[in-house]
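Worksheet for the structure shown next.
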Amino acid sequence: MYISTYFACILLGIILCYGVPVKKSNGCGYDACNLGDPMKLNVHMVPHTHDDVGWLKTVDQYFYGARNYIQHAGVQYILDSAIRALDQNPDRRFIYVEIGFFWRWWSQQTDEIRNKVKQFVDEGRLEFISGGWCMNDEASTHYNSIIDQHSLGAEFLRDNFGECGRPKIGWQIDPFGHSREQASLLAQMGFDGLFFGRSDYEDYATRNRTKTMEMVWKASANLNKDGWLFTGVLPNGYGPPDSFCYDAFCGDAPIMDDPRLHDYNVPERVRTFIRAAQNEAVGFATNHIIMTMGSDFQYENANEWFKNMDKLIKYVNAEQVNGSNVNVFYSTPSCYLYALNKAGHNWTSKSDDFFPYAHHPHGFWTGYFTSRAALKGYERHSNNILQVTRQLNAFANLNLRNGIFYLSEAMGVAQHHDAVSGTEKQEVAFDYAQRLSDGINIASGIINQAYSKLLPLNSQSPPTSPQFLCQLTNISECVPIQDQQRFTVTIWNPTVHPVLHHFRVPVTRAYTVRDSTGQPILAELFPVSNSTKKIPGRAGTATNQLIFRANLPALGFNTYFFEAKTLAKREKSKVKITPNDECILQNQNIRVEIDAQGNLQHIINLKQSIAVEFSNQGFYWYQSFPGNNSQSQFQASGAYIFRPLSPTAQPVSQTRSITCIKGDNVQTAVIVFNDWTSQEISLYDEGEFVEVEWTVGPIPIDDNMGKEIIIRYDTDINSQSKYYTDANGREVLERTRDYRPTWNYTVVETVSGNYYPINSRIWIKDQNRQLTVLTDRSEGGGSISNGSMEIMLHRRTLNDDSLGVGEPLNETAYGQGLVVRGRHILILETPEASAGYHRVAAQRLYMHPLTSFSLIPQDYYNYSAAYRQTWSALTDTLPLNVHLLTLDQLGPKDFLVRVEHYFELYEDDTYSKPVTFDLQSIFKAIGTISNTVELTLGANLELSDLKRLDWVTDGESSSTKKTSKERSLDDTNITLNPMQIRTFTVALA
């Protein structure tokens, strides 16, 4: 649901209507396609508009056409005009992509207009392509959120347009590089193909020369043909051929076709178009080519476009009697793809990705991998709250999906390729964050309602004190609880496995902490660091963090009761604080050695008896290139581009201070480099990894230098120019420094040309050791020398890179540069054992426990008599390689669930194998499954109805063996293969 059902349910008082996919009519889809003339060069002319869901203006300003002095763009007028133009000529076609805009427009239309639009969709004249809430970024997005935003749009289309509204083609025409995982996800959604507009300038030249602009992308190393997707690089980015733009803001000549009038230009226009078509065809393998007739926010006056294209089609095709082989007609990406499919060609294939993207030798679009690091972190935080809210809504049977829509919609907008990418104007970034914040505020109310049902014992009344979130605990701030006599901390674990987690609560006094059984537990006061205390805008006065250990049940919660200690009960702290001395952190599994100057020297895995020596570890900075962008060699570093002035990064400081703090729960080295960079290296009791919490900012610019801040881990690992980065949090790709698998790469930018997106992890390895770094948000980085990994954390540039945003990336807050804080997790293991640790740890870092607080009026005895202090939805232990990706209540007895196997093939002897479990185990707490229906990944088509186009690549067919996809009502056992995601609607009895 969400969208149309959201409005229907609000207006009609219906909670939810979750329809069954409708069988398609004969008038839409491939059946409506003109496949051209097999003896001619067929030009598929695709009218389209590319509408950014925020960039220079906010999403709603773009929709309404507000603030046109920034950029003239009004999406509501585009859709009004395009629909009128389609009504004037049944041959015309139009496609639309960004459902976040279409949903806004649709809600304002009369029944007459809606029926007209449905007619156009049913007749194949209006086609929805991609169908996500936005055209998502591919470098900074996590697969969970990519799936969600596509499902959000797909549900709206299914509920309003049935099968004819189901997208089958991906249309990623503007993102700045392309992820293999994105293609794999689209294939799993049942898509037949993907087209995109941007590819590296050398890659494009090679493909155009070798007629390999179109290929079969083998987009998964694990899913075999289920992950294959036909993919094409568009010939003109996503704009029309030169001199054939007919938008109101184009300067190209219209078709002037009355010979009685001056400036008659039909012969010249026809010759020029035919020449353009023939030139384009040189790079393509069949007698079909595509021309994208449109661009950013075009078709506000659709008549101007269509009137000229009508003439162009008429006069170009008239030349066929004079020997022309060019046949031009209105088409769509689907019809173009279908024509290619019917061409009988043996296509080339590709199995790597399209990162990094450069549009000229000095223009590597690798800066946006890190741009707006705080927003990137907030987007991840927001998704964590969204998934927890869905789970709590389901298990409490609240049926409040319409309330969750606000956060779902904000997250859908945030996936846009000028949102989480960090390439928008500052004012628009504020708007994205505000939308997420508003959605979280509504979600927190649903979380409170859920706990009001889950907490009371037997027939007890719900708590009078609400649950609330404290979202600034990462800077030791939670003002409502810091001076309270008593309060509770309730922690929800959103994973299907029990977890051990250490929590930090900012306080101003000592407390007795009771666990879910009522027993007092070890809770240690650690001082809040000076680096934290001086963060601009920090309102809390807490000087200490109370650190305690929580063993959380799977898919459930524990409540911890805090009660202030009296003076008589306060014992002397056992926490030992030692400044400016050697600091050895050691637990049962790991030893970390840091010298008295604050230099990390060794990490030792005690169980495996392996060690890594660090020659350097810490913060460095590149000066941003301050060019004027007039030529390639003067390309500036900006929101999109990372271009250092020198390939040698400078240390942020020549000295550093260290404070060693040791308790029983945690041991920490607080290392301060200067007044704007610091890190805390921590090792928790029984922990199997090292945590590095980094703080960067305000980045100084009083020297008029833009700065790009990295953290570097220089080790003695013999990595032999290879390093490994993940794609959108899932599969991992091998990278080789100064190398591209599919063309002869010219090395110009030795640093930025080796940066890749790091959505969740990067590692280097040799024969015996693998050092993996997990990230808490999307960042950019690479291995610029053997044994080294560097990750960019924060950026502050003083030049615009002239790629459209029109301002430097100079984020400020409270009158100074923005401070950003984040975490890295370091895992040292053997290469054979590493996946068993980094897969689990990355999933738990992403779906981390969510803490809520409540101010409690009663003492522990009365509280424990009235309220449940532990609860789990599971009674069965689920296999470690199974993850619950989605649990979304659709109605009182209906749920959408996605489960996945999150290990890859061959990476672990135990967990890289198929796994079977009972889906009923997830639902035992709320009911018995009476029916399941398996769907495609986008949840808009029954899997048994999916029929994808067959392609031949390297002499092999892409078709997969047909297996029965019917599910027995009495069998809820699910088998998952490595990296497989399965999607179901589940009905309870």
Side-chain angles (χ1 to χ4, degrees), residues 1-7 9-10 51-55 57-64 66 75 98-107 131-137 140-156 372-393 400-448 469 471-472 494 777-778 846-847 850 886 888:
M1 182 198 88
Y2 297 122
I3 331 75
S4 68
T5 32
Y6 168 70
F7 277 108
C9 297
I10 293 297
D51 298 341
D52 290 303
V53 185
W55 179 37
K57 306 194 294 189
T58 70
V59 56
D60 288 336
Q61 289 166 358
Y62 272 134
F63 175 72
Y64 282 113
V75 174
E98 295 86 4
I99 305 306
F101 279 132
F102 194 86
W103 164 72
R104 284 166 165 79
W105 180 81
W106 185 255
S107 68
W133 207 247
C134 68
M135 186 182 294
N136 65 263
D137 181 49
S140 305
T141 43
H142 192 276
Y143 72 97
N144 193 170
S145 297
I146 295 174
I147 294 168
D148 273 358
Q149 80 90 13
H150 267 282
S151 299
L152 188 60
E155 186 178 341
F156 168 83
R372 302 197 187 280
L375 180 62
K376 284 177 165 66
Y378 192 47
E379 181 273 334
R380 287 285 175 94
H381 169 76
S382 301
N383 183 67
N384 184 235
I385 293 173
L386 173 61
Q387 305 307 328
V388 169
T389 306
R390 286 175 174 166
Q391 292 178 0
L392 284 167
N393 176 61
L400 292 176
R401 194 170 187 243
N402 293 323
I404 301 173
F405 170 79
Y406 293 96
L407 183 52
S408 298
E409 202 271 338
M411 280 293 295
V413 169
Q415 304 316 305
H416 171 55
H417 59 270
D418 283 308
V420 68
S421 60
T423 55
E424 66 275 28
K425 282 188 177 293
Q426 182 63 63
E427 186 175 337
V428 180
F430 289 149
D431 184 72
Y432 289 132
Q434 183 66 59
R435 290 172 186 277
L436 293 172
S437 177
D438 292 345
I440 288 172
N441 287 340
I442 296 171
S444 64
I446 295 171
I447 291 171
N448 179 56
L469 304 179
Q471 298 181 68
L472 295 175
R777 70 201 68 197
S778 286
Y846 181 70
M847 291 293 287
L850 184 67
T886 304
D888 192 5

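No hydrogens, no waters, no symmetry mates; every other heavy atom, side chains included, goes into these values.
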Exercise: identify the closest heavy-atom pair between V388 and P494: CG2-CB, 3.9 Å
Result of checking D52, V59, D137 against H416 for side chain to side chain contact (heavy atoms under 4.5 Å, CB included): D52
Between D148 and Q387: side-chain donor-acceptor atoms closer than 3.5 Å: yes
Partner set under ring-ring contact (aromatic ring centres under 6.0 Å, His included) for H142, not counting sequence neighbours: Y846
Q434-D438 side chain donor-acceptor pair, cut-off 3.5 Å: yes
Those residues that, when tested against Y378, pass side-chain contact (heavy atoms from CB on, under 4.5 Å) (two or more places apart): H381, S382, A433, L436, S437, I440, Q471
Between CG on residue N383 and CE on residue M847, distance to nearest 0.5 Å: 7.0 Å
From F405 atom CZ to L152 atom CG, the distance as rounded to the nearest 0.5 Å: 6.0 Å
Spacing of CD1 belonging to I442 relative to CD1 belonging to I447, to within rounding of 0.5 Å: 12.5 Å
Derivation and outcome, side chain to side chain contact (heavy atoms under 4.5 Å, CB included), residues I385 and L850: CA-CA 7 Å; I385 293 173; L850 184 67; 3.9 Å; yes
Passing option when Q149 is tested against N144, N136, T141 for side-chain hydrogen bond (donor to acceptor under 3.5 Å, both in side chains): N136
Set of residues satisfying side chain to side chain donor-acceptor pair (under 3.5 Å) with respect to E424, sequence neighbours excluded: none
Nearest heavy-atom neighbours spanning L375 and A419: CD2-O, 3.7 Å
Evaluation steps, side chain to side chain contact (heavy atoms under 4.5 Å, CB included), between I404 and I446: CA-CA 8 Å; I404 301 173; I446 295 171; 3.6 Å; yes
V413 versus W133, closest heavy-atom pair with distance: N-CD1, 3.8 Å
Sub-4.5 Å side-chain heavy-atom contact between R390 and S408: yes
Donor-acceptor pair, side chain of N393 and main chain of L400, under 3.5 angstrom: yes
Partner set under side chain to side chain donor-acceptor pair (under 3.5 Å) for N448, not counting sequence neighbours: none
Sequence-distant partners of S421, side chain to side chain donor-acceptor pair (under 3.5 Å), two or more places apart: T423
Set of residues satisfying ring-ring contact (aromatic ring centres under 6.0 Å, His included) with respect to F101, sequence neighbours excluded: none
Spacing of Q415 atom CD and S140 atom OG [to the nearest 0.5 Å]: 9.5 Å
Donor-acceptor contact below 3.5 Å, side chain K57 vs main chain A66: yes
Results of salt bridge (charged side-chain N to carboxylate O under 4.0 Å, His left out) for D60 - residues two or more places apart only: R104, R435
Nearest heavy-atom neighbours spanning Y62 and W55: CE1-N, 3.4 Å
Partners passing side-chain contact (heavy atoms from CB on, under 4.5 Å) against A373 (at least two apart in sequence or in another chain): V820
Min side-chain heavy-atom separation E379-S145 under 4.5 Å: yes
Residues forming a salt bridge (charged side-chain N to carboxylate O under 4.0 Å, His left out) with R380, sequence neighbours excluded: none
Least distance between heavy atoms, I99 atom then G131 atom: CG1-O, 3.4 Å
Partners meeting side chain to side chain donor-acceptor pair (under 3.5 Å) with Y432 (sequence neighbours left out): none
